[in-house]
Amino acid sequence: MRIPKTVSALVLLAGLTQAAGAQTCTPKVPASSLIEAPKWQMSINPTLPPQQFVDDKGELQGLNVELAREIAKRICVEAVFLRMDFPPMIPALRSGRFDAINTGLFWTEERSKMLYLVPYAQQAISIYTDPSSSLKLEKFEDLAGRVVGVESATYTERKAREFSTAMEAKGLKPIELRTFTTVTATSAALRAGQLEAALNINETANSLEQKGIAKIWVRDIAGTDITLAFRDKQLAQAVADALTTIRADGTYDKLFDKFGMTRLKVMTFAIRGDGPTN
């Protein structure tokens, strides 16, 4: 079939335009800041809707996914997501297996000395039960002596253990914590009656409640910043600058509205903490 000259011209023009765009898009980080430039490789644990999850087609979705893709466009790199469980992420990043952690890592003083952390949102912890449970909870201390599920090696687990120790010091029974690698496994144990209650971030608990598989009793416990984590300071700063631009042009607010996540109140994003000392 003969292609009209006008169509050929349009195809050629589109190709030239794309090529020109590619030539003018210069990465805002040096190649040395990335393990395999121009790829920005980041670990993600897609088990926490609406923050990060896998849809029915097996595709990555969520705030962290769309926000990272938007940042990647602004700094002119290719966003590459590496799916993995959370526990090995920090040692793997520090050993140089990838460039960043993008899984809603809670900010802590300890972590801020191991990695370059850029806060981008806020989160807190919720307590929930199976909807059919007769248990009624009003405060964290009501979990004393209860069997409670939580994802392992997370900020939520850490705070739960701190609270449990404090409760025990007051003469209350400690919490019997049972750890799981994913929220799906925790939910299954809750439904099976192996747990009396569970802990997770507000947004994930909200998602479970909306699906009718959880009832939230207490929200907004131990709120703090969540971060993107980096092994390289120049990459971390470039991402912080991109977030500032994304906030200024309204893209940040649109994404947070879309996924029902809690914004930071700042307009300028930055590395929080000194980062690695060696």
Side-chain angles (χ1 to χ4, degrees), residues 27-48 51-54 60 62-72 74-121 123 150-162 179-186 200-201 224-243 269-278:
K28 295 185 179 180
V29 291
S32 59
S33 292
L34 300 166
I35 290 173
E36 191 179 344
K39 295 179 180 179
W40 171 26
Q41 300 181 70
M42 67 199 88
S43 64
I44 191 166
N45 179 22
T47 63
L48 295 172
Q51 187 168 293
Q52 64 245 3
F53 60 98
V54 178
L60 283 173
L63 172 75
N64 285 5
V65 177
E66 292 197 22
L67 187 62
R69 286 174 176 156
E70 189 64 36
I71 291 168
R74 305 300 178 105
I75 64 176
C76 200
V77 294
E78 177 188 353
V80 177
F81 301 94
L82 308 174
R83 304 185 195 185
M84 61 187 296
D85 291 336
F86 175 74
M89 284 189 187
I90 292 177
L93 177 61
R94 296 188 74 195
S95 65
R97 285 181 52 194
F98 42 82
D99 302 305
I101 295 173
N102 179 12
T103 195
L105 189 72
F106 280 88
W107 191 94
T108 68
E109 187 74 33
E110 179 185 6
R111 288 171 177 171
S112 74
K113 294 176 181 177
M114 294 190 292
L115 304 165
Y116 296 105
L117 301 180
V118 178
Y120 67 95
Q123 281 181 350
V150 65
E151 286 189 68
S152 61
T154 60
Y155 174 86
T156 305
E157 181 191 0
R158 178 176 180 171
K159 297 306 292 186
R161 294 195 184 281
E162 289 177 3
T179 59
F180 301 84
T181 56
T182 66
V183 66
T184 303
T186 308
N200 215 310
I201 60 173
T224 190
D225 292 350
I226 57 171
T227 69
L228 292 161
F230 304 86
R231 62 179 185 84
D232 181 87
K233 188 174 184 178
Q234 286 182 278
L235 176 59
Q237 187 59 56
V239 168
D241 293 342
L243 280 167
F269 294 79
I271 298 168
R272 182 180 171 193
D274 295 331
T277 56
N278 52 19

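Just so it is clear, the values below take in all heavy atoms, side chains as well, and ignore hydrogens, waters and symmetry mates.
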Over all atoms of both residues, closest heavy-atom pair of [X] and [Y]:
| X | Y | result |
| --- | --- | --- |
| E157 | E151 | CB-O, 3.6 Å |
| P27 | C76 | CG-O, 3.5 Å |
| I75 | A238 | CG2-O, 3.7 Å |
| L235 | S33 | CD2-O, 4.1 Å |
| A236 | V118 | O-CG2, 3.6 Å |
| S152 | P87 | OG-CG, 3.8 Å |

Side-chain heavy atoms of T154 within contact of N200, under 4.5 Å: no

Heavy-atom side-chain proximity of L228 to I71 below 4.5 angstrom: yes

Once you round to the nearest 0.5 Å, how far does [atom1] of [X] lie from [atom2] of [Y]?
| X | Y | atom1 | atom2 | answer |
| --- | --- | --- | --- | --- |
| Y155 | F86 | OH | CZ | 12.5 Å |
| L93 | R231 | CG | CZ | 7.5 Å |
| F106 | K159 | CZ | NZ | 10.5 Å |
| M42 | N64 | CE | CG | 10.0 Å |
| S43 | L82 | OG | CG | 7.0 Å |
| W107 | D225 | CH2 | CG | 8.5 Å |

Evaluation steps, side chain to side chain contact (heavy atoms under 4.5 Å, CB included), between D232 and Y116: CA-CA 7 Å; D232 181 87; Y116 296 105; 5.8 Å; no

Donor-acceptor contact present, side-chain T227 to main-chain L105, <3.5 Å: yes

Check: I35 main-chain N/O paired with D99 side-chain donor or acceptor under 3.5 Å: yes

Audit row: Q52, T103, side-chain hydrogen bond (donor to acceptor under 3.5 Å, both in side chains) steps and yes/no: CA-CA 7 Å; Q52 64 245 3; T103 195; 2.7 Å; yes

Derivation of the salt bridge (Lys or Arg N to Asp or Glu O under 4.0 Å) call for R69 and E66: CA-CA 5 Å; R69 286 174 176 156; E66 292 197 22; over 6 Å; no

Atom CZ of R111 with >12 non-hydrogen neighbours under 6.0 angstrom: yes

Evaluation steps, side chain to side chain contact (heavy atoms under 4.5 Å, CB included), between V239 and W40: CA-CA 11 Å; V239 168; W40 171 26; 4.2 Å; yes

K39 vs L34, side chain to side chain contact (heavy atoms under 4.5 Å, CB included): CA-CA, chis, key distance, verdict: CA-CA 7 Å; K39 295 179 180 179; L34 300 166; over 6 Å; no

Steps toward side chain to side chain contact (heavy atoms under 4.5 Å, CB included) verdict (V54, R83): CA-CA 10 Å; V54 178; R83 304 185 195 185; 3.7 Å; yes

